[in-house]
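Okay, so here's the structure we're looking at.
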There are 2 protein chains.
Amino acid sequence: MSDTVPMRRAAQRPDAESQLRALERLETECRVRGCRLTRQRRAVLRALLAEGGALSAYELLERLRRVDSRCTPAGVYRALEFWMTAGVVHRLQSTRSFILCEHPEAPHPGQLLICRECGQVIEAEDKGVVAAAIRLGERLGFVLDRHLVELTGVCGPCRAQGRAGDSGRSPTT
Amino acid sequence: MSDTVPMRRAAQRPDAESQLRALERLETECRVRGCRLTRQRRAVLRALLAEGGALSAYELLERLRRVDSRCTPAGVYRALEFWMTAGVVHRLQSTRSFILCEHPEAPHPGQLLICRECGQVIEAEDKGVVAAAIRLGERLGFVLDRHLVELTGVCGPCRAQGRAGDSGRSPTT
DNA sequence: GCCCTTATTGATACAATATATCATTTCGAT
DNA sequence: ATCGAAATGATATATTGTATCAATAAGGGC
Ligand SMILES: [Zn+2]
Ligand SMILES: [Zn+2]
Ligand SMILES: [Zn+2]
Ligand SMILES: [Zn+2]
């Protein structure tokens, strides 16, 4: 517990099992769509599963290289791109990192809640937020096709642990 | 109209005038808070005003160098950091760029709507979106202090011009 | 299994974005 | 005029993300 790196509630994500099942489904899905479920792509997915949270592309690269020293940034980004297109991985713009989708069954607009203390990321699919966003788009004449909603704050457990921070100020972009 | 670069509805932003007035206010504000409204910081603000839209840090650097060749990336980032803290500039995570706040009177959680055709960015302060986000946070036990909401799509004028794109698919992260 | 087509990778180089450090300068107050 | 805090200039470097193209490997038809 006296690690120098910020603690990370690892492997706490809902269901590694069901995600592996989802992976099976992807395998067939891929074949249908004419793209390939390759070693490297599996490796990226496995690394993200093992981490149980978000990883930057280069953190991912480091892990992959432990197994296969020939991995390159380009390869990692290509695999990530592939999975993002498939809706299996999301990119966290506010932390420049990547995380497994928790509902990879179907593409969906999601919201990512990030705890600035423990780094935990929770993915939500909140109808209210999406509806409000779409209404806003309509009001301003936009037809939206990409929702980026990342909400940063402090999660319950971290507040309970006393690491409250100054939660007094109003939410800002 | 046969330009190779994507058109940009420049200088269409609401009110360059009132933003300059807001700048005056900042000047005094700064003095109170013990920070300085310097040449470089003004330059960054002027460049963003002149552009009338979003600029990347290095696009900004290029413009500043036309006037003062000693500008450096660090300087630009420092000035941007300063203005972001002051709530005068927002960072667009999805395009790695920076844009003037349209309501710099007070800090606020905002939503940025980005047209993928013309690059136009509209800033909104939609109570509905903010309320939904806060409710979502509460539901998941988070106390939020930073809202990142960037909605990408096609604006009205661009759709009217026929550049509709495939607007059939559902919004995704 | 073997061949063929094509998606994917490996290797390398490079582009774009962002920060660290520290001596020097500037600003504003005394 | 002098002093101290804040900001800049200059330089180097870290981090993040792409381009290119020859070599490879995956999957489908035989
Ligand atoms: Zn998801
Ligand atoms: Zn936490
Ligand atoms: Zn604003
Ligand atoms: Zn447009």
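The basis for the numbers below is simple: all heavy atoms, side chains too, and nothing from hydrogens, waters or symmetry mates. Model, not experiment: these values are computed from the prediction. Throughout, a chain's letter reflects where its sequence line sits, starting with A, and its residues are numbered from 1.
- The interatomic distance linking B:Asp68 (CG) with D:dA10 (P) rounds to 8 Å, in whole Å.
- Between B:Gln40 and the phosphate of C:dT26, there is no side-chain N or O to OP1/OP2 separation shorter than 4.0 Å.
- Using a 4.5 Å heavy-atom cutoff, the side chains of A:Arg46 and A:Glu51 are not in contact.
- Under the 4.0 Å criterion applied to side-chain N and carboxylate O atoms, A:Asp145 and B:Arg116 are assigned as salt-bridge partners.
- In this structure, the side chains of B:Val44 and B:Leu64 come closer than 4.5 Å at one or more pairs of heavy atoms.
- Using modelled atom types, one side-chain atom of A:Glu123 and one backbone atom of A:Glu102 make a donor-acceptor pair closer than 3.5 Å.
- Going from atom CG of B:Leu64 over to atom C1' of D:dT8 covers 14 Å, rounded to whole Å.
- Atom CG of A:Leu61 and atom P of C:dT9 are 14 Å apart (whole Å).
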With 3.5 Å as the limit, what N/O pairs link the protein to nucleotides 18-21 of chain C?
| from | atom 1 | to | atom 2 | distance (Å) |
| --- | --- | --- | --- | --- |
| C:dA18 | OP1 | A:Arg96 | NH2 | 3.2 |
| C:dA18 | OP1 | B:Arg91 | NH1 | 3.0 |
| C:dA18 | OP2 | B:Tyr77 | OH | 2.6 |
| C:dA18 | O5' | B:Tyr77 | OH | 3.2 |
| C:dA18 | N7 | B:Tyr58 | OH | 2.8 |
| C:dA18 | N6 | B:Tyr58 | OH | 3.4 |

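- Residue B:Leu60 contributes atom CG, which lies 16 Å from atom P of C:dA16 at whole-angstrom precision.
- Remark: B:Ser56 engages B:Tyr58, B:Glu59 in a side-chain contact (heavy atoms from CB on, under 4.5 Å) (not counting sequence neighbours).
- Mapped onto DNA chain C by nearest heavy atom, A:Gly75 and A:Thr72 fall at different nucleotides, with A:Gly75 at the one closer to the 5' end.
- OP1 or OP2 of D:dA7 sits under 4.0 Å from a side-chain N or O of B:Arg41.
- A 4.5 Å side-chain heavy-atom check between A:Phe142 and B:Val154 finds every atom pair outside the cut-off.
- Side-chain N/O atoms of B:Arg70 include one lying less than 4.0 angstrom from OP1 or OP2 on D:dG9.
- Within the structure, a side-chain polar atom (N or O) of B:Thr38 is placed less than 4.0 Å from OP1 or OP2 of D:dT8.
- Minimum atom distance to the side chain of A:Arg39 is reached by C:dT9, of the listed D:dG27, C:dT9, D:dG9.
- At whole-Å resolution of the value, CG in A:Leu37 and P in D:dG27 are 8 Å apart.
- Distance CZ (B:Arg36) to P (C:dT25): 15 Å, rounded to an integer number of Å.
- Between the B:Gln111 side chain and the B:Asp126 main chain, a donor and an acceptor come within less than 3.5 Å of each other.
- Each end of the helix from C:dG1-D:dC30 to C:dT30-D:dA1 yields a helix axis from five base pairs, and these two axes differ in direction by 30° (to the nearest 10 degrees).
- Following rounding to the nearest Å, B:Leu80 (CG) and D:dT8 (C1') show an atom-to-atom distance of 15 Å.
- Under the 6.0 Å cut-off for aromatic ring centres, B:His90 and B:His103 do not qualify, their centroids lying 6.0 Å or more apart.
- Residues B:Ile114 and B:Gln120 are not in side-chain contact: their nearest non-hydrogen atoms beyond the backbone lie 4.5 Å or more apart.
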